[in-house]
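Every chain is numbered from 1 and lettered A, B, ... according to where its sequence line falls, protein lines coming before strand lines. Quantities reported herein were computed from a predicted structural model and do not represent experimental measurements.
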Protein chains: 2
Amino acid sequence: MSAGDATILLVDDHSVVREGYRSVLEKQPGLRVVAEAADGAEAYRLYKSEAPDLVIMDLSMPGIGGIEAVRRIRQRDKGAKILVFTMHQNAGFAVQAIRAGARGYVTKTSPPETLVRAVMDVLAGRIAISPDIDHELALSRLAGENSAADVLTPREFEVLRLLLAERTTDEIAETLHVSPKTVANLHSLIKDKLGVGSDIELVRLALRQGLLTQVDLGEA
Amino acid sequence: MSAGDATILLVDDHSVVREGYRSVLEKQPGLRVVAEAADGAEAYRLYKSEAPDLVIMDLSMPGIGGIEAVRRIRQRDKGAKILVFTMHQNAGFAVQAIRAGARGYVTKTSPPETLVRAVMDVLAGRIAISPDIDHELALSRLAGENSAADVLTPREFEVLRLLLAERTTDEIAETLHVSPKTVANLHSLIKDKLGVGSDIELVRLALRQGLLTQVDLGEA
DNA sequence: CGAATACCGGGAAAATTTCACGACATTGCA
DNA sequence: TGCAATGTCGTGAAATTTTCCCGGTATTCG
């Protein structure tokens, strides 16, 4: 390896997965993995001490997550080149990551060539997005996600909140002093407005939009 | 590689991750990776054609999941040795995997040595569980939590997983090659067994038990 | 073998969801 | 002011889903 190799810091909490990156990347001439981290805090420390040319960063990790790690590194070094490499095939995460300062976003379902290509692109100063995420972003742009908060009337929103919190239609009806039939009608209308076909999708949508947080789940 | 090497089939939908397994495993004398699959159906096909000595199986994959793949392979071949290797550090998944016929359960956060050790153990006919899961199992045993995994049959658990992941009853029926009526019946039975009255409660229960993680929520 | 369990799905009753419709109140603006 | 648009509430009836009960097969286990 020449002294002119591009240096890389790998961040992922799964060691065997890091082994995978390393194996793929070191087949490429001009690339050298100089350090590995298993969480965001360690990544930040190693970035400071190693000053790598590129960071490849997973998102879901214990402690401070990948997005936060990206933010901290970029805060310290405006020129830092960070490529997010994650299992999350989700436009929302991609937007968050890029806004935090990542220069690329590639999903783990991508073939190795895509990762290598993205590494090269980011090193060359370009933004790299894997095709599946391009597609997700296009879709969400086109559809304009139905944000519950702005498509629902106040009453509907309130009913949605209660649906997520309370138990039965009858209980909600009593809480609101309306007929159970009205609650059922609104429930149906809400699903229609939000474009979901089942209650399960409804809960998932609510979770994505932060309407229901995981700590809100009541007794274990 | 001698003709007496143990043959291995790798199953994981992330190609770079498979690269990681392969790299770690092939450093071991006596092991040979002979095939790779990216989903459960392909895994089943390749198992039939390649008859490997060991299958290393991820759980979260598109289409039929890892648990169902384990079930099918074991249904065809009682002696099949399957080691589950997954990111889910969750006692419920482990219980289900073992009940479906897996001979081992190792998390991806484990160091490579643990994976290699587990591979050897399973090949030798022993059951292999990584230490973190041992701990999880101990805890859940102590808490005596009435977990979904304990009360549901493997098939029911699989349907629950799909209910949380896919969209409609019909789609799930097609995935599992059973009638929509059966899925509806199982759906009802699952709610009964878990003591919940609505799909919303069902999702909340699943969230509490870690069956569905907040980041698993599909497209944004 | 017999008992227990898992699994598949039909039939029919029960319950819910959805649709069409009307009534009333409030808002907002021409 | 008048009136159109929107939100809220509810009924009735149709459409659909859920639930319960059943029979049948396959597998496991003592």
Expected list for residues 180-191 of chain B near DNA chain D, using heavy atoms below 4.0 Å, is Lys181(B), Asn185(B), Ser188(B), Lys191(B)
So which protein nitrogen or oxygen atoms get under 3.5 Å of nucleotides 22-30 of chain D's nitrogens or oxygens?
none

Outermost contacting nts on DNA chain C, any atom under 4.0 Å from chain B heavy atoms, listed 5' then 3', are dA6(C) to dA12(C)
To the nearest angstrom, the CD1-P distance between Ile172(B) and dT17(D) comes to 13 Å
The complete set of salt bridge (Lys or Arg N to Asp or Glu O under 4.0 Å) pairs with one or both residues in residues 106-115 of chain A, sequence neighbours excluded, reads Asp12(A)-Lys108(A), Asp58(A)-Lys108(A)
_A side-chain contact here means heavy atoms from C-beta on lying under 4.5 Å apart; do Met57(B) and Ile73(B) qualify?_
yes
Quiz prompt | Stepwise side chain to side chain donor-acceptor pair (under 3.5 Å) test for Ser130(A) and Asp132(A) | solution = CA-CA 6 Å; Ser130(A) 64; Asp132(A) 50 349; 2.6 Å; yes
With sequence neighbours left out, the residues meeting salt bridge (charged side-chain N to carboxylate O under 4.0 Å, His left out) with Arg45(B) are none
In short, salt bridge (Lys or Arg N to Asp or Glu O under 4.0 Å) pairs touching residues 75-91 of chain B with sequence neighbours left out are none
Atom CG of Leu194(B) and atom P of dT19(D) are separated, to the nearest Å, by 13 Å
Margin query: Donor-acceptor pair, distance only, cut-off 3.5 Å: does the side chain of Ser15(A) make one with the backbone of Ser110(B)?
Written below: yes
field: Pairwise side-chain contact, Val203(A) with Asp199(B), heavy-atom cut-off 4.5 Å (strictly under)
entry: no
Separation of dG10(D) atom P from His177(A) atom NE2, nearest Å, is 12 Å
When every non-hydrogen atom of Val151(B) is compared with those of Lys193(B), the smallest separation belongs to O-NZ, 3.3 Å
What I'd like to find out is whether the side chain of Thr7(B) reaches to under 4.5 Å of the side chain of Glu50(B), using heavy atoms alone. no
- Message: Once you measure the plane-to-plane angle for Phe157(B) and Phe93(B), does it fall in the parallel (<30°), tilted (30-60°) or perpendicular (>60°) bin?
- Response: perpendicular
